[in-house]
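Throughout, a chain's letter reflects where its sequence line sits, starting with A, and its residues are numbered from 1.
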Number of protein chains: 2
Amino acid sequence: MDRALSIGALARHSGATPPTIRYYEQIGLLRRPDRRDGGHRVYGEADLKRLTFIRRCRDFGFPIEQVRDLVSVIEDVDRSCTEVRDLARDQLASVRARMAELRELEASLGLLVADCEARCAGGPGPDCVILEDLAAPGRCCAG
Amino acid sequence: MDRALSIGALARHSGATPPTIRYYEQIGLLRRPDRRDGGHRVYGEADLKRLTFIRRCRDFGFPIEQVRDLVSVIEDVDRSCTEVRDLARDQLASVRARMAELRELEASLGLLVADCEARCAGGPGPDCVILEDLAAPGRCCAG
DNA sequence: CTTGAAGCTCAAGTAGCTTCAACTCTTATG
DNA sequence: CATAAGAGTTGAAGCTACTTGAGCTTCAAG
């Protein structure tokens, strides 16, 4: 029951778009599928499975090159699942680092907005103390 | 006291790199500076101030095109500081949205790692239930 | 005067796709 | 069977915000 899928059908089932699928094929992340007489790509269940895996990894934020590693872990009988765990741990760490950066950014931006409310009366550019602060070397109002 | 700065000195004082400064010049975010006889760029305090402002906006996560707007707010006498506040508010909202995404990602990755610990004994690829889950359509272990 | 650091220009590379132009193929309907 | 819409094809360029590289010139210190 390995029903044939067009690129559009594969896209719908996997959550990728047709151009993305062609792109993955181009960079060697997906195999080159069989073609119909007219040249249209034909996919099967195995392709859907693999693409689903790839999309899921991408949703997890893994960069393409790491996805390549992960795919090879799946297909290589000799490599272990703990490799996936370790890669996921690394990924978790970088997600957390990025979140910490964003938290700082959030705090700074919040301060900037608050300062704009408190210290400026909505005056024009050159009179605004906030804009002056932003342009001054050293620490900034929300820095 | 408008001491002259080389591109390297400007870089050190502003936190940008020389290539980045040249890039900003190329895209019209910084004016074209005067040159010495040998062709080297010469900057002044005004350039440092402007670049500091730009870098700070970039650190806040504003995209280049919005920085362009912000710079014009500064230089246009008729436009008000509240514009900056509004842009900062928008930016704050998108930072928060991005953070929410990352929080979900963190939770999912955490689950993935936990599942790998709990359900797999570190077996090889084809035997790992986690890898199966990731490739299966529909919901995933940490989905 | 020599040497090494810093600067110059222009071009290409990075990630991860998306979008475009200019076609061809398939499928549904009349 | 004709036709028109929609889906598919290709290769190339575009996107963000820079970074890197090649190959050369200039500057500052000793």
(message) Contact list please: residues 10-37 of chain A against DNA chain D, heavy atoms, distance less than 4.0 Å, in numerical order.
(response) Arg22(A), Arg35(A)
(request) For His40(B) and for Ile64(B), locate the closest nucleotide of DNA chain D by heavy-atom distance; then report the residue assigned to the nucleotide nearer the 5' terminus. (result) Ile64(B)
(message) Using the salt bridge (Lys or Arg N to Asp or Glu O under 4.0 Å) criterion, which residues pair with Arg36(B)? Sequence neighbours excluded.
(response) none
(message) Set out, in order, the CA-CA distance, both residues' side-chain angles and the distance that settles side chain to side chain contact (heavy atoms under 4.5 Å, CB included) for Leu105(B) and Leu102(B), then state yes or no.
(response) CA-CA 5 Å; Leu105(B) 196 52; Leu102(B) 283 181; 4.0 Å; yes
(request) Can you run down the side chain to side chain donor-acceptor pair (under 3.5 Å) pairs that involve residues 13-25 of chain A, sequence neighbours left out, and say none if there aren't any? (result) Thr17(A)-Thr20(A), Tyr24(A)-Arg55(A), Glu25(A)-Arg41(A)
Rounded to the nearest angstrom, tell me the gap between atom [atom1] in [X] and atom [atom2] in [N].
| X | N | atom1 | atom2 | result |
| --- | --- | --- | --- | --- |
| Glu65(A) | dG16(C) | CD | P | 8 Å |
| Ile7(B) | dT9(C) | CD1 | C1' | 12 Å |
| Ile54(A) | dC17(C) | CD1 | C1' | 14 Å |

(request) May I ask you to decide whether Asp59(B) forms a salt bridge with Arg56(B), counting only side-chain N to carboxylate O separations under 4.0 Å? (result) no
(request) Decide, yes or no, whether a salt bridge links Glu45(B) with Arg50(B) under the criterion of side-chain N to carboxylate O below 4.0 Å. (result) no
Has the side chain of [X] got a donor or acceptor atom that lies under 3.5 Å from a matching backbone atom of [Y]?
| X | Y | answer |
| --- | --- | --- |
| Gln91(B) | Gly61(B) | yes |
| Ser6(B) | Ala9(B) | yes |
| Asp47(A) | Gly44(A) | yes |

(request) Tell me, please, the opening and closing nucleotides of DNA chain D, 5' to 3', among those with an atom under 4.0 angstrom from a non-hydrogen atom of chain A. (result) dG8(D) to dT10(D)
(request) Sequence neighbours left out, what passes side chain to side chain donor-acceptor pair (under 3.5 Å) with Glu65(A)? Give chain and number order. (result) Arg68(A)
(message) If I compare all heavy atoms of Leu109(A) with all of Val95(B), which pair ends up nearest, and what's the gap?
(response) CD1-CG2, 3.9 Å
(request) Enter the distance from Leu48(B):CG to Thr52(B):OG1 here, rounded to the nearest 0.5 Å. (result) 4.0 Å
(request) Give a yes/no answer on whether the side chain of Arg41(B) brings an N or O atom under 4.0 Å of OP1 or OP2 in dC8(C). (result) yes
(message) Any residue in residues 88-101 of chain B with a heavy atom nearer than 4.0 angstrom to DNA chain C? Just list them by number, or reply none.
(response) none
